[in-house]
Amino acid sequence: MSSLSLGSRRDNERAIISLDGELDLATVSILRGAALAELEAGDCSALVLDLEQLSFLDSTGIGCWIELRNRAEDTGKSFELR
């Protein structure tokens, strides 16, 4: 069974979400919900995904990253994978 945990912090107006575990069909909704909430926050100018502890990624996760990048771009915010 897949598991993913997220940590979030702020660096000024940059929202940083750390991913730990597996990003796949079973867990992508966890990231999507947290990331969209950050992008909708009025004081967020950038979304950064910290992938240092990510152990697995499937195409569903990549699709989510593209969705988040597009949402950030549509709202004038930046998106970064670290």
Side-chain angles (χ1 to χ4, degrees):
M1 183 158 136
S2 301
S3 70
L4 178 72
S5 61
L6 303 178
S8 64
R9 64 184 174 89
R10 286 294 183 105
D11 180 10
N12 296 316
E13 294 179 351
R14 295 166 47 111
I16 302 169
I17 299 177
S18 301
L19 290 75
D20 186 354
E22 300 177 2
L23 183 59
D24 57 18
L25 181 61
T27 61
V28 74
S29 62
I30 298 167
L31 173 61
R32 182 180 290 115
L36 290 176
E38 290 290 357
L39 285 172
E40 292 171 4
D43 62 343
C44 175
S45 66
L47 177 64
V48 178
L49 300 183
D50 181 346
L51 310 177
E52 184 174 357
Q53 298 300 315
L54 188 64
S55 60
F56 178 80
L57 171 69
D58 73 1
S59 61
T60 309
I62 294 170
C64 180
W65 291 350
I66 293 169
E67 174 189 347
L68 295 173
R69 182 198 56 89
N70 291 343
R71 179 71 63 94
E73 186 177 275
D74 289 346
T75 59
K77 300 174 183 181
S78 65
F79 177 79
E80 177 184 335
L81 298 176
R82 182 186 318 165

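The structure presented is a predicted model; accordingly, all values stated were derived computationally and were not measured. Both backbone and side-chain heavy atoms feed into the values below; hydrogens, waters and symmetry mates do not.
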Any side-chain heavy-atom pair from Glu80 and Arg14 closer than 4.5 angstrom? yes

Please tell me if the side chains of Leu19 and Gln53 come closer than 4.5 Å, counting only heavy atoms from C-beta onward. no

Which pair of non-hydrogen atoms, one from Glu22 and one from Leu4, has the smallest distance, and what is that distance? O-CB, 3.4 Å

Test of understanding: clusters of I, L, V, M, F, W, Y form through side-chain heavy atoms closer than 4.5 Å, transitively. Do Ile30 and Leu39 belong to the same one? yes

With clusters defined by side-chain heavy atoms of hydrophobic residues (ILVMFWY) lying less than 4.5 Å apart, directly or transitively, does Leu57 cluster with Ile17? yes

Provide the closest heavy-atom pair for Ala34 versus Leu6 in the form atom of the first, atom of the second, distance. CB-CD1, 3.7 Å

Hey, does Arg71 have a side-chain heavy atom less than 4.5 Å from the side chain of Glu40? yes

Under a 4.5 Å cut-off applied to non-hydrogen side-chain atoms, are Leu51 and Leu49 in contact? yes

Are side-chain heavy atoms of Leu31 and Trp65 found at a separation under 4.5 Å? yes

How about Arg9: does its CZ atom have over 12 heavy atoms from other parts shown lying under 6.0 Å from it? no

In short, Ala35 meets Leu47 closest at the heavy-atom pair CB-CD2, 3.8 Å

Under 3.5 Å, side chain of Asp58 to main-chain N/O of Gly61, donor-acceptor pair present? yes

Co-membership, hydrophobic cluster, residues Ile62 and Leu25, 4.5 Å side-chain: no

Roughly how far, to the nearest 0.5 Å, is the NZ atom of Lys77 from the CD atom of Glu13? 9.5 Å

Establish, from distance only, whether the side-chain atoms of Asp24 and Ser2 form a donor-acceptor pair under 3.5 Å. yes

Closest approach of Ala46 to Ser78 (non-hydrogen atoms, all atoms of both residues): CB-OG, 3.0 Å

Can a salt bridge be assigned to the pair Arg10 and Glu38 using a cut-off of 4.0 Å between side-chain N and carboxylate O? yes

What are the two closest non-hydrogen atoms of Val28 and Cys64, and how far apart are they? CG2-CB, 3.3 Å

Can you tell if the side chain of Val48 reaches within under 4.5 Å of the side chain of Arg82, non-hydrogen atoms only? yes

Quick check: is Phe56 connected to Leu81 through a chain of hydrophobic side chains (ILVMFWY, heavy atoms under 4.5 Å apart)? no

Do Leu36 and Leu68 have side chains that get closer than 4.5 Å, going by heavy atoms? yes

Point-to-point distance, once rounded to the nearest 0.5 Å, from OG of Ser3 to CG of Asp20: 7.5 Å

